Amino acid sequence: SVNAPSDRAIVFVDGNNFWHALRNLGLSDLGRLNYAIVSNRLLGPRQWVETRYYVGQRKNTGNGFAYNQQRVALNFLRSCDPRISLHLGRIESHMEENKTATQLKRYLADLNARGVRIDAEVFRDLVSLGNATQYTEIFREKAVDVALAVDMVVLAERNQYDAAYLLSADGDYTPAVKAVRETGKRVYVASPANGAQLAAVADSFIRLDKAWFSGCFA
């Protein structure tokens with residue numbers, strides 16, 4: 001029977017990792033990707049229990065365009081099917097040193113100290129370039145991949161599903177996949193990106209190409 005208990009499946013989506021894999025595949029308008037269609041296409045005859053989408057939530061500060069873009073995409077995601085749920089982590093920023101810019105500034109300072117003269121305007125431009133690019137604001141997700149991994153294991157232990165579909169190529173999920181399979185559940189990993197570590201521990205790795213997503217957009 002298609003809906004037998006042994007056919008229950010949950011889709012776990014690492015939103016950020018999967019989004020970048022799709023973009024590298026050459027797909028556009030990713031905010032209109034219908035995960036209900038994606039889930040049903042992946043699962044085939046299995047019973048679709050739910051799709052859990054994990055992503056860091058942007059704050060409404062600084063980059064208003066990115067915030068609004070994500071809000072529209074997440075609202076669309078919610079509207080696709082009641083079995084799709086959002087699990088939001090946070091996005092934190094920090095300043096990261098650009099080592100090339102630092103080396104440039106040291107080189108220019110050394111030239112100056114040794115009395116080596118280059119064109120004054122060029123010197124000023126290079127110093128300005130070094131100052132402008134020495135530090136870059138980097139954004140990183142927090143409490144996203146850990147939440148997905150924990151939920152995948154806990155729901156397996158609670159017998160909430162029989163097969164997990166993980167949409168990610170991140171090898172950091174390898175311990176979670178192993179833990180889920182030790183409970184007797186199956187794990188299928190799917191991504192356009194290469195996921196050698198996950199492929200080695202999952203029941204199967206499904207490599208998705210661009211044509212696979214035909215008809216999956218609203």
Side-chain angles (χ1 to χ4, degrees), residues 3 5-23 27 30-58 70-91 140-193 195 198 201-206 208 212-213 216-218:
N3 291 325
S6 61
D7 286 333
R8 300 169 302 160
I10 293 180
V11 180
F12 296 86
V13 186
D14 178 347
N16 186 55
N17 184 280
F18 198 63
W19 184 88
H20 280 94
L22 294 174
R23 190 177 67 171
L27 294 171
L30 296 177
R32 305 297 292 179
L33 180 62
N34 189 322
Y35 278 88
I37 298 175
V38 170
S39 299
N40 279 307
R41 187 170 291 184
L42 271 174
L43 270 54
R46 291 191 172 91
Q47 179 191 0
W48 177 31
V49 176
E50 63 172 322
T51 290
R52 303 169 66 90
Y53 190 94
Y54 296 78
V55 71
Q57 186 173 27
R58 291 186 176 275
Q70 185 189 56
R71 185 180 61 176
V72 170
L74 294 182
N75 285 339
F76 170 75
L77 190 61
R78 287 188 185 97
S79 73
C80 289
D81 192 283
R83 287 169 288 184
I84 297 175
S85 59
L86 300 179
H87 303 268
L88 303 176
R90 62 187 188 275
I91 295 178
R140 286 201 173 91
E141 285 189 325
K142 297 291 183 180
V144 176
D145 53 350
V146 172
L148 189 159
V150 169
D151 287 351
M152 192 162 63
V153 174
V154 169
L155 292 176
E157 291 176 342
R158 291 178 180 172
N159 194 30
Q160 296 296 303
Y161 66 84
D162 303 290
Y165 283 76
L166 173 61
L167 272 57
S168 177
D170 188 346
D172 288 347
Y173 292 114
T174 298
V177 171
K178 288 181 177 178
V180 169
R181 294 193 68 198
E182 286 172 2
T183 70
K185 308 302 183 185
R186 286 154 290 153
V187 181
Y188 303 95
V189 179
S191 177
L198 288 174
V201 297
D203 285 272
S204 179
F205 186 92
I206 305 166
L208 304 174
W212 190 92
F213 292 93
C216 290
F217 291 83

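Source: prediction; values computed, not measured.
- Here OH of Tyr53 is found 7.0 Å from CG of Leu74. Values are rounded to the nearest 0.5 Å.
- The one candidate from Ile84, Val11, Ile10 that meets the side chain to side chain contact (heavy atoms under 4.5 Å, CB included) condition with Glu50 is Ile10.
- Nearest heavy-atom pair, Gly89 versus Val144, reported as atom, atom and distance to 0.1 Å: CA-CG2, 3.8 Å.
- Checking each of Asp14, Thr51, Leu148, Leu42 against Leu167 for a side chain to side chain contact (heavy atoms under 4.5 Å, CB included) leaves exactly one that passes, namely Leu42.
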Practice prompt. In sequence, state the C-alpha distance, the side-chain angles, and the governing distance for Tyr173 and Val189, and then conclude on side-chain contact (heavy atoms from CB on, under 4.5 Å).
Written response: CA-CA 10 Å; Tyr173 292 114; Val189 179; over 6 Å; no
Discussion item. Val187 vs Lys178, test: side-chain contact (heavy atoms from CB on, under 4.5 Å). Steps then yes/no.
Written reply: CA-CA 9 Å; Val187 181; Lys178 288 181 177 178; over 6 Å; no
Discussion item. Evaluate Asp151 against Tyr54 for side-chain contact (heavy atoms from CB on, under 4.5 Å), listing each step before the verdict.
Written reply: CA-CA 11 Å; Asp151 287 351; Tyr54 296 78; 2.7 Å; yes
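- In this structure, the separation between CG on Asn34 and CZ on Phe217 is 10.0 Å, given to the nearest 0.5 Å.
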Fill in: Full working for side-chain contact (heavy atoms from CB on, under 4.5 Å) between Val38 and Trp212
CA-CA 9 Å; Val38 170; Trp212 190 92; 4.0 Å; yes
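- Looking at Asn17, its side chain does come within 3.5 Å of a backbone N or O of Ala169 through a donor-acceptor pair.
- Within the model, atoms OG of Ser168 and NE2 of His20 stand 12.0 Å from one another, a figure rounded to the nearest 0.5 Å.
- Taking every heavy atom of both residues into account, Ala9 and Tyr165 meet most closely at CB-CE1, 4.0 Å.
- At least one side-chain heavy atom of Val177 sits less than 4.5 Å from a side-chain heavy atom of Met152.
- Not a single donor-acceptor pair under 3.5 Å links the side chain of Arg8 to the backbone N or O of Val49.
- Closest non-hydrogen pair, Leu30 versus Arg23, comes out as CD1-N, 3.9 Å.
- Judged by distance alone, the side chain of Gln70 and the main-chain N or O of Arg58 form a donor-acceptor pair under 3.5 Å.
- The two residues Ala176 and Val153 come nearest to each other via the heavy atoms O-CG2, 3.9 Å.
- Interatomic distance, OH of Tyr188 versus CD1 of Ile206, reported as 8.0 Å (0.5 Å rounding).
- Here the closest heavy-atom approach between residue Arg186 and residue Asp203 is recorded as CA-OD2, 3.2 Å.
- Contact between Phe18 and Ser191 at its shortest, heavy atoms only, is CE1-CA, 4.1 Å.
- To the nearest 0.5 angstrom, Trp48 atom CH2 is 5.5 Å from Asn40 atom CG.
- Listed by chain and residue number, Tyr161, Val180, Thr183, Lys185 satisfy the side chain to side chain contact (heavy atoms under 4.5 Å, CB included) test with Ala156 (two or more places apart in sequence, or in another chain).
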